[in-house]
Amino acid sequence: MENHMQHAEQHTKSETIVPPYPWATNRRATICNRQYLVDNGITTITGDVQCMTCQKKYEVSYDLLTKLQEVKDYTFIIRRGIRRKELREEAPRNWLLPRSAGCKFCGKKRGVKPVISEKKKGINWLFLLLGQMLGYCTLEQLKYFHKHTRKHTPLYVSTWGKGGVLYFTYLELFRQLEPEGPP
């Protein structure tokens with residue numbers, strides 16, 4: 001019995017981690033708020049992408065405030081154009097199936113996808129949000145996000161399809177960025 005308890009303790013994950021990015025906090029699946037980022041001069045958000053044709057990886061950068069406004073504007077249109085019940089059930093199609101960018105090396109249109117860390121604690125959530133690329137995450141990765149943000153109970157998340165989990169991932173990331181109000 002004692003050996004079993006020691007084994008369980010060794011596999012318990014710490015709530016705090018070394019922040020994987022300057023815009024991440026020391027808590028899993030949590031990003032810094034917009035005011036903190038701006039006050040600390042963190043306004044360029046970067047992440048890696050890879051071309052599925054030529055296999056080359058490279059870094060892409062986003063201006064935090066410009067991309068945040070684009071995503072917020074789109075979210076506002078979605079919220080006004082779709083009945084509230086439908087929003088709970090499904091994310092918009094272009095969030096579920098994001099349009100990928102063209103490769104800067106081989107020129108392949110729509111051939112670039114984000115590089116998503118195999119270790120879930122290393123996922124670049126803010127980069128994926130700003131690029132509207134959270135749809136490239138697996139359902140398991142999205143459920144990890146909700147498990148660690150604790151905004152939705154595991155029972156609810158386990159019964160949702162990817163569209164519902166994805167939609168609430170966008171909303172929760174907005175809440176983390178702008179805790180003073182909805183997008």
Side-chain angles (χ1 to χ4, degrees), residues 13 17 19-21 23-25 27-34 37 45-50 52 60-62 64-102 110-183:
K13 293 182 179 178
I17 59 170
Y21 306 96
W23 45 86
T25 70
R27 302 196 58 83
R28 296 170 189 274
T30 307
I31 57 175
C32 298
N33 70 53
R34 180 183 50 81
L37 295 172
I45 308 304
T46 60
D48 292 331
V49 295
Q50 181 175 17
M52 297 298 104
V60 171
S61 62
Y62 296 130
L64 171 67
L65 300 177
T66 302
K67 290 300 282 185
L68 179 59
Q69 191 59 51
E70 287 175 18
V71 179
K72 282 172 57 175
D73 288 348
Y74 180 74
T75 303
F76 179 75
I77 291 167
I78 294 300
R79 291 178 114 178
R80 288 187 53 109
I82 300 176
R83 291 180 294 148
R84 194 165 196 78
K85 180 180 179 225
E86 291 170 340
L87 286 177
R88 287 192 197 112
E89 295 171 358
E90 199 68 19
R93 181 172 173 80
N94 67 324
W95 280 355
L96 278 166
L97 304 167
R99 290 186 66 141
S100 55
R110 299 186 192 137
V112 175
K113 294 184 179 182
V115 176
I116 300 175
S117 173
E118 289 184 27
K119 296 244 183 226
K120 293 183 201 95
K121 70 181 179 182
I123 293 175
N124 194 344
W125 296 106
L126 183 53
F127 176 74
L128 295 173
L129 169 73
L130 296 178
Q132 297 185 54
M133 297 184 286
L134 287 163
Y136 286 113
C137 291
T138 65
L139 183 56
E140 179 184 345
Q141 290 165 329
L142 296 171
K143 287 181 177 183
Y144 167 90
F145 175 86
H146 287 280
K147 173 184 172 185
H148 290 287
T149 58
R150 293 190 179 97
K151 295 299 167 196
H152 302 287
T153 64
L155 175 61
Y156 289 127
V157 174
S158 68
T159 62
W160 293 344
K162 184 175 179 180
V165 178
L166 180 62
Y167 179 74
F168 282 107
T169 303
Y170 271 93
L171 291 186
E172 174 55 21
L173 283 166
F174 279 130
R175 191 197 64 72
Q176 289 179 20
L177 266 177
E178 297 191 338
E180 65 277 359

Visitor: Do Ile17 and Arg27 have side chains that approach each other closer than 4.5 Å (heavy atoms only, starting at C-beta)?
Guide: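 Heavy-atom side-chain distance check fails, nothing below 4.5 Å.
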Visitor: For the residue pair Gln176 and Thr149, what are the closest heavy atoms and their distance?
Guide: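 Closest pair (atom of Gln176, atom of Thr149, distance): NE2-CG2, 3.4 Å.
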Visitor: Would you indicate whether the side-chain heavy atoms of Lys143 and Thr138 approach each other to under 4.5 Å?
Guide: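 They are not in contact (no side-chain heavy atoms under 4.5 Å apart), so the answer is no.
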Visitor: To the nearest 0.5 Å, what is the distance between CD1 on Ile31 and CD on Glu172?
Guide: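 That separation rounds to 9.0 Å.
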Visitor: About how many Å separate CG of Leu37 and CG of Leu64, when rounded to the nearest 0.5 Å?
Guide: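 The distance works out to 6.0 Å.
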Visitor: Just grab all the salt bridge (Lys or Arg N to Asp or Glu O under 4.0 Å) pairs involving residues 122-135, residues at least two apart or on different chains.
Guide: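 Output for this query is empty, none listed.
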Visitor: Report the distance from atom CD1 of Ile123 to atom CD of Glu118, rounding to the nearest 0.5 Å.
Guide: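 Output value for this atom pair is 10.5 Å.
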Visitor: Regarding Thr169 and His146, is there a side-chain donor-to-acceptor distance under 3.5 Å anywhere?
Guide: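 On atom types as modelled, these side chains qualify, holding a pair under 3.5 Å.
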Visitor: Show, in sequence, the C-alpha distance, side-chain angles and deciding distance for Leu173 and Leu126, and conclude whether the side chain to side chain contact (heavy atoms under 4.5 Å, CB included) test is met.
Guide: CA-CA 8 Å; Leu173 283 166; Leu126 183 53; over 6 Å; no
Visitor: Have a look at Trp125 and tell me which of Tyr21, Phe174, Phe145 forms a ring-ring contact (aromatic ring centres under 6.0 Å, His included) with it.
Guide: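 Of the listed options, the one satisfying the test is Phe145.
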Visitor: Which heavy atom of Pro98 sits nearest to which heavy atom of Gly135, and what is that distance?
Guide: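 So the minimum-distance heavy-atom pair works out to CG-CA, 4.0 Å.
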Visitor: Using the ring of Tyr62 (Phe, Tyr or Trp, six-membered ring only), decide whether Lys67 places NZ or CZ under 6.0 Å from its centre and within 45 degrees of its axis.
Guide: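 Geometry flag: set, cation within 6.0 Å and 45°.
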Visitor: Could you tell me if the side chain of Leu177 sits less than 4.5 Å from the side chain of Trp23, heavy atoms only?
Guide: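 Side-chain contact under 4.5 Å: no.
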Visitor: Closest heavy-atom contact between Gly111 and Ser100?
Guide: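 That would be N-OG, 3.7 Å.
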Visitor: Evaluate the side-chain proximity of Leu96 to Tyr167: yes if any heavy-atom separation is below 4.5 Å, no if none is.
Guide: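 They are not in contact (no side-chain heavy atoms under 4.5 Å apart), so the answer is no.
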Visitor: Looking at every non-hydrogen atom in both residues, tell me the closest pair between Asn33 and Pro179 and how far apart they are.
Guide: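 Closest approach of Asn33 to Pro179, heavy atoms only: CB-CD, 3.8 Å.
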Visitor: May I have the step-by-step check of side chain to side chain contact (heavy atoms under 4.5 Å, CB included) for Leu134 and Trp95, ending in yes or no?
Guide: CA-CA 7 Å; Leu134 287 163; Trp95 280 355; over 6 Å; no
Visitor: How far apart are the closest heavy atoms of Ala24 and Pro19, and which atoms are they?
Guide: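 Where Ala24 meets Pro19 most closely, the heavy atoms are O-CB, 3.5 Å.
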Visitor: Which heavy atom of Tyr170 sits nearest a heavy atom of Met133, and at what distance?
Guide: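 Smallest interatomic distance, heavy atoms only, reads OH-N, 3.6 Å.
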Visitor: Go through the steps to decide whether Val112 and Gln50 satisfy the test side chain to side chain contact (heavy atoms under 4.5 Å, CB included), and finish with yes or no.
Guide: CA-CA 5 Å; Val112 175; Gln50 181 175 17; over 6 Å; no
Visitor: For a side chain to side chain contact (heavy atoms under 4.5 Å, CB included) check, start with the C-alpha distance between Ile45 and Ser61, then their side-chain angles and the critical distance, and finish with the verdict.
Guide: CA-CA 5 Å; Ile45 308 304; Ser61 62; over 6 Å; no
Visitor: For the side chain of Asn124 and the backbone of Ile116, is there at least one donor-acceptor N/O pair under 3.5 Å apart?
Guide: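 Looks like no, no N/O pair under 3.5 Å.
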Visitor: Looking at CG of Leu166 and CG of Leu139, how far apart are the two atoms once the value is rounded to the nearest 0.5 Å?
Guide: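 Going from CG on Leu166 over to CG on Leu139, the span is 9.5 Å.
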Visitor: Nearest 0.5 Å please: distance from the CG atom of Leu128 over to the CD atom of Gln141.
Guide: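 Taking CG in Leu128 and CD in Gln141, the distance rounds to 9.0 Å.
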Visitor: At what distance, to the nearest 0.5 angstrom, does CG of Leu65 lie from NZ of Lys72?
Guide: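 The NZ atom of Lys72 is 9.5 Å from CG of Leu65, to the nearest 0.5 Å.
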Visitor: Can you list everything that forms a salt bridge (charged side-chain N to carboxylate O under 4.0 Å, His left out) with Glu140? Sequence neighbours excluded, please.
Guide: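 With neighbours one apart ignored, the set is Lys120.
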Visitor: Any carboxylate oxygen within less than 4.0 angstrom of a Lys/Arg side-chain nitrogen, looking at Arg175 and Glu180?
Guide: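 Result for this pair is no, no salt bridge flagged.
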